[in-house]
There are 2 protein chains.
Amino acid sequence: MTTEEPRWLSDDELAGWMAAAALLIKLPGALDAQLQSEQGLTFFEYMVLAVLSERDDRTLQMSDIAAATSSSLSRLSHVVKRLEAQGLLRRERIPGAGRRTNAVLTDAGWVKVVAAAPGHVARVRHLLVDAVAADDLAALRRISETVIERIDPGRSC
Amino acid sequence: MTTEEPRWLSDDELAGWMAAAALLIKLPGALDAQLQSEQGLTFFEYMVLAVLSERDDRTLQMSDIAAATSSSLSRLSHVVKRLEAQGLLRRERIPGAGRRTNAVLTDAGWVKVVAAAPGHVARVRHLLVDAVAADDLAALRRISETVIERIDPGRSC
DNA sequence: CGGAATAACTTGATGCATCAAGTTCTTCTC
DNA sequence: GAGAAGAACTTGATGCATCAAGTTATTCCG
């Protein structure tokens, strides 16, 4: 807690940051709205199902899903419980491995992701991937990775 | 609802998008956590106060605040009610102008923003502005503006 | 080999966001 | 100038996110 005058943002920095902040506020809602109206899914729920669907055995441990979706284990646990109640996946304790738990995509879950994916990808294309230059998308990736590393340092080694 | 095979994302596109998605999930939480622990404010609450504090008369109409913070009027209304209950701002109906309402920052609100700003700016610098190249920040601005324009077309004219 | 620390979740309470519906003025149209 | 349409919010219900605390194996250590 110093009393020195902080380094405020320059005009360019401020403009960049405000634009980014607007993106943070609006984009999640836009993605949610589309998935919600077409498939009754949250963007985050979709991510969970999608991550599972990419595995050969449609199975992944809770912690690994959390890592893959950048979420807390607590958030994931609540969501998985809801998805399980809907029959889209089921949980299985891994015997002899502490409290480790796998989530397994059910057939109904698979059908759901397959139904949701085209519309979702089309939306992501329309809003972002097809809207910006390839260079800018690469920049966005660099930026995101840098910022994420700063948020929790040493998460990827 | 076409049955054609959709255009899936290429590896580069997918990597860019996943990184961006991770950013969308983690950055808001990181900003909230800092403001919450230091000043008991949400990032969004801070934005509302900050926008008001930049006006000479510390006054702005609800709709204008909503536009400046990229939020819905509904969300803003709830937040402003909470901030008013804490004495950080007050609302004033503008007479003879329909349901138009101004929000006015109180002295307590001013003190709060002034107290919160340095820590918040430092955090934004550390996580984003100072972490990425100036070119990349410019790219982020371009990207954000493009995406926002796609989300609700013709919001800025 | 026993007790403490750790890992991997789960749960419950609280609070914020969103959506749909309701209010209350003003303005436009005939 | 009356009634309809629209603008600018407000409100209440619902649901999701977060935080702190609780569980339940497992491993480490003396």
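Scope of the values below: all heavy atoms of this structure, side chains included, with no hydrogens, waters or symmetry mates. A quick note: this is a predicted structure, and the numbers were derived from the prediction, not measured. Here is how names work: the chains are called A, B, and so on, in the same order as the sequence lines, proteins then strands, and each is numbered from 1.
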Quick one: [X] [atom1] to [N] [atom2], roughly how many Å, whole number?
| X | N | atom1 | atom2 | value |
| --- | --- | --- | --- | --- |
| A/Gln34 | C/dC19 | CD | P | 14 Å |
| B/Ile94 | C/dC25 | CD1 | C1' | 13 Å |
| A/Leu60 | C/dC9 | CG | P | 10 Å |
| B/Asp32 | D/dA17 | CG | P | 14 Å |
| B/Glu45 | C/dA17 | CD | C1' | 12 Å |
| B/Asn102 | D/dA8 | CG | P | 13 Å |
| A/Ile65 | C/dC9 | CD1 | P | 9 Å |
| B/Leu24 | D/dC16 | CG | C1' | 17 Å |

Test for a donor-acceptor pair under 3.5 Å between the base of [N] and the side chain of [X], counting only N and O atoms.
| X | N | value |
| --- | --- | --- |
| B/His78 | D/dT10 | no |
| A/Ser74 | D/dC19 | yes |
| B/Arg99 | C/dT23 | yes |

Report yes if at least one side-chain N or O of [X] is closer than 4.0 Å to OP1 or OP2 of [N]; otherwise report no.
| X | N | result |
| --- | --- | --- |
| A/Lys81 | C/dT11 | yes |
| B/Thr101 | D/dC9 | yes |
| A/Arg93 | D/dA25 | yes |
| A/Ser77 | C/dC9 | no |
| A/Gln36 | C/dC19 | no |
| B/Arg100 | D/dA8 | yes |

> In terms of the nearest nucleotide of DNA chain C, which residue is placed more toward the 5' end: B/Pro95 or B/Arg82?
Replying inline: B/Arg82
>> If you assign each of A/Gln61 and B/Gly98 to its closest nucleotide in DNA chain C, which residue comes earlier from the 5' end?
In response: A/Gln61
Of the listed nucleotides [options], the one nearest the side chain of [X]:
| X | options | result |
| --- | --- | --- |
| A/Val79 | D/dT10, D/dA17, C/dA8 | D/dA17 |
| A/Thr42 | C/dT10, C/dA17, D/dC16 | D/dC16 |
| B/Arg91 | D/dT10, C/dT18, C/dC9 | D/dT10 |

>> Once you apply a heavy-atom cut-off of 4.0 Å, does B/Gly29 come out as touching a base, just sugar-phosphate, or nothing?
In response: nothing
salt_bridge([X], [Y]) N-O dist < 4.0 Å:
| X | Y | value |
| --- | --- | --- |
| B/Arg150 | A/Asp130 | no |
| A/Glu84 | A/Arg82 | no |
| A/Arg58 | A/Asp107 | yes |

>> Taking the nucleotide of DNA chain D with the nearest heavy atom to each, does A/Arg75 or B/Leu73 sit closer to the 5' end?
In response: B/Leu73
> At their closest point, which heavy atom of B/Ser53 faces which heavy atom of B/Val113, and how far apart are they?
Replying inline: OG-CG1, 4.1 Å
> When you measure from the side chain of B/Ser77 to the backbone N and O of B/Leu73, does any donor-acceptor pair fall under 3.5 Å?
Replying inline: no
> Does A/Thr101 reach the main-chain N or O of A/Arg99 with its side chain, forming a donor-acceptor pair under 3.5 Å?
Replying inline: yes
